[in-house]
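Right, one structure below, let's go through it.
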Amino acid sequence: MSTTLELDDIQYLVLARAPAITGRYEFLTFKDAAAGRKWLTALIDKVPSVAAAKRAPDADQRWISIAFTFNGLRALGVDDAALATFPEEFRAGMPARAEVLGDSGSHAPANWRDGTDDPRLHAIVILFARDTAAHDRCVAEHAKLLADCPGVEVISTLDLIATPPFDYAHDHFGYRDRMSQPAVEGTGDLPTPGSGAPLKAGEFIAGYPDEFGVTATLPEPQCLMKNGTYMAYRRLEEHVGKFRDFLREHGNTAEEQELIAAKLMGRWRSGAPLTLAPEKDDPGLGADSQRNNNFNYAKQDPQGYAVPLGSHIRRMNPRDTGHNMNRRRMIRRGGTYGPALPEGAPEDGVERGIAAFVICGSLIRQFEFAQNVWVNDRNFHELGNERDPVCGNQDGTLEYKIPKRPIRKKITGLPAFTTLRGGAYFFLPGLAGLRHLAGQR
Amino acid sequence: MTDSSTKYDWSKPAAKALPKGGYDPKEVQQGRYGPIFPKTPSCYGFSIIAKIIQGREEKFYEYARKLETTVAAQPNALDVLKLHYLRWNLFEIKGDTYFQYMGIFDTDFDKYTEDAVAIFAATGIDTVFENLDGFPADWKTNASAFIQFVRNHHCPSFLEYGEYPYVSAEEIKKALRLKAAFGEALDQMQ
């Protein structure tokens with residue numbers, strides 16, 4: 001049975017992707033509820049729904065989304081009884097869940113750089129813009145709005161910019177991105193081959209049946225809950241110089257270096273999965289969405305001879321070697337920030353990385369599970385002493401094993417290629433939910 | 001974030017005394033649903049003790065037969081639980097019947113509980129808990145209520161022992177597969 005989604009109420013970010021190459025996140029605090037509501041009221045009409053974004057994908061050259069922390073909902077005047085109906089992990093906030101998430105050592109909230117560990121963090125406004133001109137225009141307009149709302153202050157901002165070449169999405173390490181996204185039932189979006197059937201909307205959006213057929217009734221009130229979703233924000237610095245040094249250390253030729261990069265990810269940097277291209281890169285396969293996600297592990301690669309058991313894609317989506325996978329899926333959004341480090345240039349010490357959102361119906365069941373069990377469990381797949389080589393908490397004491405006949409290759413003292421620089425839990429309401437928060441009825 | 005990496009000597013039997021409550025509050029790690037009971041020489045585990053709803057004993061014996069059939073037909077039905085052993089008991093205290101469920105497994109309890117709930121619901125091996133006093137009626141769709149019930153009725157050990165300490169079921173199966181393969185290799189050499 002299909003569900004009719006209220007696509008004109010769900011914020012576009014949940015189910016659509018803006019054709020943007022720039023963006024900006026602004027992290028805000030409300031000095032008082034009235035100021036927050038005034039700011040929100042001024043912006044609501046600029047927040048596109050899924051339907052609006054799909055109807056006119058290029059109309060405005062810019063796409064805006066708004067979400068709130070638990071403290072932000074309280075600051076806007078949501079009453080205590082309603083606040084108590086939000087799940088515990090959301091109420092606690094990401095910094096308080098650091099131990100569960102593996103955010104210790106250099107990843108700990110005390111080392112974050114954007115003030116997202118500040119309990120005064122109340123809201124995020126997310127801008128994606130077609131080009132720099134649209135970006136700059138929107139930033140100036142928002143600055144004007146803030147000047148007009150003296151009780152709303154900026155804690156920090158982050159500008160996003162795609163990394164060249166711009167013809168496909170990839171991170172600073174050069175890995176192609178956005179190949180494994182779940183399709184949601186009722187959107188009309190077709191999953192790519194190998195991505196499984198479309199998932200029930202309730203896995204991501206409140207107010208619809210989930211994969212167990214259950215429709216969540218919380219949080220309250222209904223007008224705030226319906227069409228809302230939870231969002232985990234992660235600002236992950238990528239240490240490009242260190243990553244390239246590592247490849248050079250472990251590969252004598254360009255081909256060997258590419259293979260090491262592929263073994264960490266489970267895909268060649270072109271996107272071609274090692275399961276389908278185990279020996280040699282196949283950029284045509286990497287770029288072909290009809291083929292690049294069409295594989296699994298239990299039959300095709302049980303020992304990890306192609307995709308190592310501890311590689312990033314095998315941890316983030318164990319496919320047919322995981323259980324209840326339909327209850328663990330996540331929608332990812334976001335982009336890269338910081339200047340690209342040219343090939344051959346030494347590390348310049350400038351922060352660059354990815355600033356991403358994980359969208360899910362339940363932070364504890366989806367995002368926190370992935371962090372706790374898939375990314376940071378040293379004993380995932382009985383590996384004993386490993387964490388995710390790309391985004392796990394690496395402190396130089398762990399290893400990485402690459403299955404190979406006759407004898408596996410074992411890298412000891414794997415360095416940290418990424419460091420967490422900020423993070424937060426947000427609730428992203430539907431448009432009616434935004435109006436409710438703004439005090440409109 | 002479970003630390004399973006510490007190297008233990010499987011050939012040296014080990015015993016571990018545990019503080020009241022099952023863990024040291026100063027050293028305990030936090031899982032998604034609360035503190036994690038630590039790994040001991042006999043791995044992870046729990047002992048759930050709960051009063052059964054009066055007159056429901058027969059349901060437990062029915063359940064036993066059902067689980068036997070389920071696992072025979074589907075040997076990997078409980079795979080997700082990463083088990084070594086499970087034991088079920090019924091016993092009486094002052095005229096009331098109590099149920100005890102002891103499990104020894106290789107992962108901390110929090111990690112795969114939602115999966116366990118899903119497996120129980122999907123395979124129909126769910127009836128036994130529903131006959132316990134105070135068990136949440138909506139457990140199939142409310143993992144945190146299920147987890148809370150289990151935590152409330154868990155009686156943590158104060159002492160655990162392992163003859164081959166800290167070894168996972170997978171490692172044991174791997175060793176036995178290797179032994180079988182060596183046996184086969186030797187047969188082929190005759």
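In what follows, chains are A, B, ... by sequence order, proteins preceding strands, each numbered from 1. Only heavy atoms go into these numbers, but all of them, side chains included; no hydrogens, no water, no symmetry mates.
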His84(B) meets the side-chain contact (heavy atoms from CB on, under 4.5 Å) criterion, sequence neighbours left out, with Cys43(B), Ile104(B), Asp106(B), Ala169(B), Ile172(B)

Filtered by a 4.5 Å non-hydrogen cutoff, the part of residues 407-426 of chain A contacting chain B is none

*asked:* For Tyr8(B), does the six-membered ring have the charged nitrogen or CZ of Lys39(B) within the cation-pi criterion, i.e. under 6.0 angstrom from the centroid and within 45° of the normal?
replied: no

Distance col, row Arg56(B):CZ vs Asp133(B):CG, nearest 0.5 angstrom, shows 9.5 Å

Pair count under 4.5 Å, heavy atoms only, with chain A: among Lys174(B), Glu170(B), Glu171(B), highest is Glu170(B)

request  = For the residue pair Leu73(A) and Phe86(A), establish whether any side-chain heavy-atom pair is separated by less than 4.5 Å.
outcome  = yes

Residues 228-237 of chain A vs chain B, non-hydrogen distance cutoff under 4.5 Å, contacting residues -> none

For residues Glu160(B) and Ser42(B), is any side-chain donor paired with an opposing acceptor at under 3.5 Å? yes

The reported gap from NZ in Lys401(A) to NE2 in His381(A) (rounded to nearest 0.5 angstrom) is 12.5 Å

With chain B, the option among Glu368(A), Glu386(A), Glu382(A) that has the most non-hydrogen atom pairs under 4.5 Å is Glu382(A)

Rounded to the nearest 0.5 Å, the CG atom of Asn393(A) sits from the CZ atom of Arg387(A) at a distance of 5.0 Å

Do we see a donor-acceptor contact under 3.5 Å between the side chains of Tyr161(B) and Glu163(B)? yes

Bottom line for Phe369(A): the part with an atom under 4.5 Å from chain B's heavy atoms is both

Whatever's closer than 4.5 Å to a heavy atom in chain B on Arg97(A) counts as side chain

Over 60° means perpendicular and under 30° means parallel, so classify the ring planes of Phe135(B) and Trp139(B), tilted if in between. tilted

Rounded to the nearest 0.5 Å, the CZ atom of Arg32(B) sits from the CG atom of Leu101(A) at a distance of 10.5 Å

Next item on the list: Could you tell me whether a side-chain N or O of Glu68(B) sits under 3.5 Å from a main-chain N or O of Ala64(B), the two making a donor and an acceptor?
Entry: no

Show me the donor-acceptor pairs, under 3.5 Å and distance only, between side chains in residues 303-312 of chain A and residues at least two apart or in other chains.
residue: Ser311(A); atom: OG; partner: Pro308(A); partner atom: O; Å: 2.9
residue: His312(A); atom: ND1; partner: Asp388(A); partner atom: OD1; Å: 3.1
residue: His312(A); atom: ND1; partner: Asp388(A); partner atom: OD2; Å: 2.8

Assert top hit (heavy-atom pairs under 4.5 Å, partner chain B, pool Val375(A), Val214(A), Ile364(A)) equals Ile364(A)

